[in-house]
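Computation of the quantities below employed the complete heavy-atom set of this structure, encompassing side-chain atoms and omitting hydrogens, waters and symmetry-equivalent molecules.
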Protein chains: 2
Amino acid sequence: MSANSRLTIAAHALAWIGLYQRQGHEVATSEQIAASANTNPVVIRRLLGELRRAGLVESRRGVGAGWSLARELESMTLLDVYEAVEPGPLFAMHRATPDQGCVVGHGIQPAMQGIYEGIERTLRHELARVTLADVLRDVLAAPR
Amino acid sequence: MSANSRLTIAAHALAWIGLYQRQGHEVATSEQIAASANTNPVVIRRLLGELRRAGLVESRRGVGAGWSLARELESMTLLDVYEAVEPGPLFAMHRATPDQGCVVGHGIQPAMQGIYEGIERTLRHELARVTLADVLRDVLAAPR
DNA sequence: CCTAGTCGTAACAGCTAAGGTTGCAACAGT
DNA sequence: ACTGTTGCAACCTTAGCTGTTACGACTAGG
């Protein structure tokens with residue numbers, strides 16, 4: 001499917017900010033998060049920008065600027081993050097509309113659409129069951 | 001996620017072959033299927049080749065050659081098709097391994113892996129609930 | 001044995017998305 | 001005024017999907 005790492009990196013960033021704030025700090029910088037995720041600060045800023053639009057984080061500018069959580073990790077689910085960073089559907093239809101004169105060509109899109117909707121609903125339900133606090137707990141539970 | 005249409009096209013092809021066989025024909029050609037799906041015959045042959053490797057269809061060569069189902073549509077699920085045409089995982093990890101000296105960088109991959117495994121298990125379960133006979137029934141149930 | 005129709009597959013081009021990088025303006029605290 | 005950071009645009013590289021052409025391999029039928 002050509003999977004991407006956007007959900008993973010976004011969860012990483014949120015867990016990092018959450019832990020940093022638990023340690024008493026006010027804001028985290030994109031550079032710190034990028035160092036932990038081993039990527040470029042701009043990639044982090046782009047992702048956090050989408051999370052900000054979704055109301056999950058806030059940013060300050062100027063000296064001593066950076067990112068902070070807009071809500072508790074307990075109230076954020078992976079579904080919130082998924083919806084913030086993954087706009088499109090999971091499965092695509094035909095690029096060119098199939099032959100409407102053919103019985104299969106005519107009925108295939110509504111049929112698959114109905115099936116895909118059910119599957120995506122289930123996926124969203126699963127994502128909504130995991131909070132970012134769960135993620136951070138699992139992160140800290142890793143051995144060594 | 002940059003979704004693709006492989007599962008959709010594969011289901012289209014299988015439904016088409018299944019209906020064609022119900023109408024008494026022996027084999028279907030990639031050209032016929034491509035016309036219905038409004039794409040190129042080579043695209044269909046490539047996809048059906050993967051389905052053949054998975055044991056879902058058979059192909060004959062020579063004059064009067066073409067494709068036929070290797071099993072009944074009732075015994076084929078969307079999971080069989082999905083696994084035949086979508087090898088990789090749904091969500092990717094970091095491209096570069098995160099900073100192992102950081103607590104979050106160290107624990108994030110096992111944490112997300114565990115979560116993703118549960119989600120993919122659910123996705124597969126949902127896909128396994130839909131047979132290709134269900135798909136064809138839905139196709140034929142489309143209005144007009 | 002020859003022909004015709006179809007598969008099997010390689011090769012290539014176009015497109016899109018993700019990810020990485022650089023550069024710089026905007027901003028705000030000191 | 002200075003400094004550190006965000007916000008954002010621009011560009012590049014890579015990878016995967018899709019479409020297309022080309023051609024050899026194969027086989028039923030004459």
Can you measure [X] atom [atom1] to [N] atom [atom2] for me and round it to whole angstrom units?
| X | N | atom1 | atom2 | value |
| --- | --- | --- | --- | --- |
| A:Trp67 | D:dG7 | CH2 | P | 4 Å |
| A:Glu31 | D:dT6 | CD | P | 8 Å |
| A:Arg53 | D:dG7 | CZ | P | 10 Å |
| A:Ile9 | C:dG19 | CD1 | C1' | 10 Å |
| B:Arg95 | D:dT14 | CZ | P | 10 Å |
| A:Ile44 | C:dT21 | CD1 | P | 12 Å |
| A:Ile33 | D:dT5 | CD1 | P | 12 Å |
| A:Leu90 | D:dC17 | CG | P | 14 Å |

How is [X] classified with respect to the nucleic acid when contacts are heavy atoms under 4.0 Å: base, sugar-phosphate, or nothing?
| X | value |
| --- | --- |
| B:Arg45 | base |
| A:Arg46 | base |
| B:Asn4 | sugar-phosphate |
| A:Gly66 | sugar-phosphate |

### Message
Whether B:Arg129 and B:Glu126 form a salt bridge (side-chain N of Lys/Arg under 4.0 Å from carboxylate O of Asp/Glu) is what I want to check.
### Response
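Salt bridge flag = yes for B:Arg129 with B:Glu126.
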
I want to verify a distance call: between [options], whose nearest atom is closest to the [X] side chain?
| X | options | value |
| --- | --- | --- |
| A:Arg6 | D:dG19, C:dG5, C:dA18 | C:dA18 |
| A:Arg61 | C:dG23, C:dG19, C:dC27 | C:dC27 |
| A:Val42 | D:dG19, C:dA17, D:dA9 | D:dA9 |
| A:Val63 | D:dA28, C:dG29, D:dG19 | C:dG29 |
| A:Thr29 | D:dG19, D:dT5, D:dA9 | D:dT5 |

Would a 4.5 Å heavy-atom cut-off, applied to side chains only, mark [X] and [Y] as touching?
| X | Y | value |
| --- | --- | --- |
| B:Ile33 | B:Leu48 | yes |
| A:Met1 | B:Arg6 | no |
| A:Ser36 | A:His12 | yes |

### Query
For C:dC7, does OP1 or OP2 lie under 4.0 Å from any side-chain N or O of B:Ser59?
no

### Query
Does OP1 or OP2 of C:dA18 have a side-chain N or O of A:Ser5 closer than 4.0 Å?
no

### Query
So, B:Thr131 versus B:Thr77: side-chain donor-acceptor pair below 3.5 Å or not?
no

### Task
Hey, which sits more toward the 5' end of DNA chain D by its nearest nucleotide, B:Pro87 or B:Asn40?
B:Pro87

#### Entry: Dot-bracket line, read 5' to 3' along DNA chain D, where crossing pairs take [ ] and | marks a partner on another strand, Watson-Crick or G-U under 3.5 Å
||||||||||||||||||||||||||||||

## Note on the structure
Result for 5'-nearest mapping on DNA chain C, choosing between B:Met1 and B:Gly49, is B:Gly49

### Query
Hey, what do you get for CG (A:Asp80) to OG (A:Ser75), rounding to the nearest 0.5 Å?
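Going from the CG atom of A:Asp80 to the OG atom of A:Ser75 covers 7.5 Å.
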
Quiz: residues 110-118 of chain B side-chain donor-acceptor pairs under 3.5 angstrom, not counting sequence neighbours:
unit_1, atom_1, unit_2, atom_2, d
B:Tyr116, OH, A:Thr8, N, 3.4
B:Tyr116, OH, A:Thr8, OG1, 2.9

Distance-only criterion, 3.5 Å: show the donor-acceptor pairs between side-chain atoms of residues 15-22 of chain A and protein atoms not counting sequence neighbours.
unit_1, atom_1, unit_2, atom_2, d
A:Tyr20, OH, A:Gln32, NE2, 3.1
A:Gln21, NE2, A:Glu26, O, 3.1

